[in-house]
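First up is the structure itself, then whatever we jot down about it.
The figures that follow rest on heavy atoms only: side chains count, while hydrogens, waters and symmetry mates do not. The chains referred to below are lettered A, B, ... by the order of the sequence lines, with proteins before strands, and numbering in each begins at 1.
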There are 2 protein chains.
Amino acid sequence: MDQCQSQSQMCPRFEKAVEILSKRWTSLIVFQLLSGPQRFVQIDHALPNLSGKVLSERLKELEQEGIVKRVVFPESPVRIEYSLTDKGRALAPIFVEIGKWSSEWLPVPE
Amino acid sequence: MDQCQSQSQMCPRFEKAVEILSKRWTSLIVFQLLSGPQRFVQIDHALPNLSGKVLSERLKELEQEGIVKRVVFPESPVRIEYSLTDKGRALAPIFVEIGKWSSEWLPVPE
DNA sequence: TATACTCAGTTACATTAAGTAACTAAATGA
DNA sequence: TCATTTAGTTACTTAATGTAACTGAGTATA
């Protein structure tokens, strides 16, 4: 009895990937960065309703996961650019599939 | 000036897809249902830490999106099965890509 | 030389979502 | 009879998000 009570039968790496991607805003931030390195305000403006507070939290998390890198250009004033690592760019095919699904199955808004 | 202030340049259907998939638990519930129709408690047991409360909320949302269907078998006692619609099964390639990414880029837990 | 504005955030506070645990009601099993 | 299963719901707590104002360094404008 109860052979599936206390532990998941799912692959922990798969679960981890889903956990990363399904945190609010994470996917959209990564998708936005797929178009190239960007500064904090650029990402912020590209994603309406995303607050600077959450953006800075997410960027830190994504940096820790090795998906995003933060590069400081010591100009004056200092310029900070966020971009995807190889690991981050490797997420692209997921977004391609999401794009396919959405254009096939979601209604076109009027 | 300010050409990207007040509206997103992202495709609204793509954004909607991300919104659906990145709601907590939604992806894992859909993934779980990819293995076939299942009853409420089966899904609940397969996904530890997912409470019955959130599961019932998510299943209703997914039903409204046309991703999941709820079928009542009028046996005694009544049996209720949740399964994916065509729209729901069409999400499979996304999970395939997530699986590929996770096995290539995430560390194997010890 | 004030004044305002930009950038890259942070802080305080309010609202919403999620987690926890107990409960329901009908049916079944020991 | 008492416990258990199923498919949830309800009440309450805790965690995550949203909102808005604020910093502090640098730059541009009047």
V41(B) or N49(A): which one's nearest nucleotide on DNA chain D is closer to the 5' end?
-> V41(B)

dC7(C) P sits how many Å from E75(A) CD, rounded?
-> 13 Å

Rounded to whole Å, CZ of R24(A) lies from P of dA16(D) at a distance of 12 Å

E81(B) CD - dT6(D) P separation (whole Å) = 13 Å

Along DNA chain D (nearest heavy atom to each residue), the more 5'-positioned of K23(A) and V78(B) = V78(B)

For the pair made of CG in L55(B) and C1' in dA17(C), what is the distance, rounded to whole Å?
-> 16 Å

Short side-chain N/O contact from S56(B) to OP1 or OP2 of dT9(D), under 4.0 Å | yes

Calculate the interatomic distance between I80(B) atom CD1 and dT9(D) atom C1'; express it in whole Å.
-> 14 Å

For S76(A), which contact category applies under a 4.0 Å heavy-atom criterion: base, sugar-phosphate, or nothing?
-> sugar-phosphate

Least distance between heavy atoms, L33(B) atom then V68(B) atom = CD1-CG2, 3.7 Å

Distance, rounded to the nearest Å, where D44(A) contributes CG and dG9(C) contributes C1' | 10 Å

When you check the phosphate oxygens OP1 and OP2 of dT13(D), does a side-chain N or O of K53(B) lie under 4.0 Å from one of them?
-> no

Please determine if R58(A) and E61(A) form a salt bridge, counting it only when a charged side-chain N lies under 4.0 Å from a carboxylate O.
-> yes

Y82(B) side chain near dG8(D) phosphate (N/O to OP1/OP2, under 4.0 Å) | yes

Does W25(A) have a side-chain nitrogen or oxygen under 4.0 Å from the phosphate oxygens OP1 or OP2 of dA16(D)?
-> no

Rounded interatomic separation in angstrom, taking NE2 from H45(B) and C1' from dT5(D) | 10 Å

Is any side-chain nitrogen or oxygen of R58(B) closer than 4.0 Å to OP1 or OP2 of dA17(C)?
-> no

Do any side-chain nitrogens or oxygens of K60(A) fall under 4.0 Å of OP1 or OP2 in dT10(C)?
-> yes

OP1 or OP2 of dG8(D) under 4.0 Å from side-chain N/O of R70(B) | yes

Nearest-Å distance for atom pair CG/C1', residues L59(B) and dA7(D) = 11 Å

Verify the contact: side-chain N or O of R39(B) to OP1 or OP2 of dA7(D), cut-off strictly under 4.0 Å; return yes or no.
-> yes

Kindly say whether K87(A) contributes a backbone atom to a donor-acceptor pair with the side chain of W101(B) at under 3.5 angstrom?
-> yes

The residue, R79(A) or V54(B), whose nearest nucleotide of DNA chain C is more 5′ is R79(A)

Sole residue of D44(A), I67(A), L55(A), V54(A) in side chain to side chain contact (heavy atoms under 4.5 Å, CB included) with I29(A) = L55(A)

Among all residues two or more places apart in sequence or in another chain, which pass the side chain to side chain donor-acceptor pair (under 3.5 Å) test with R70(B)?
-> Y82(B)

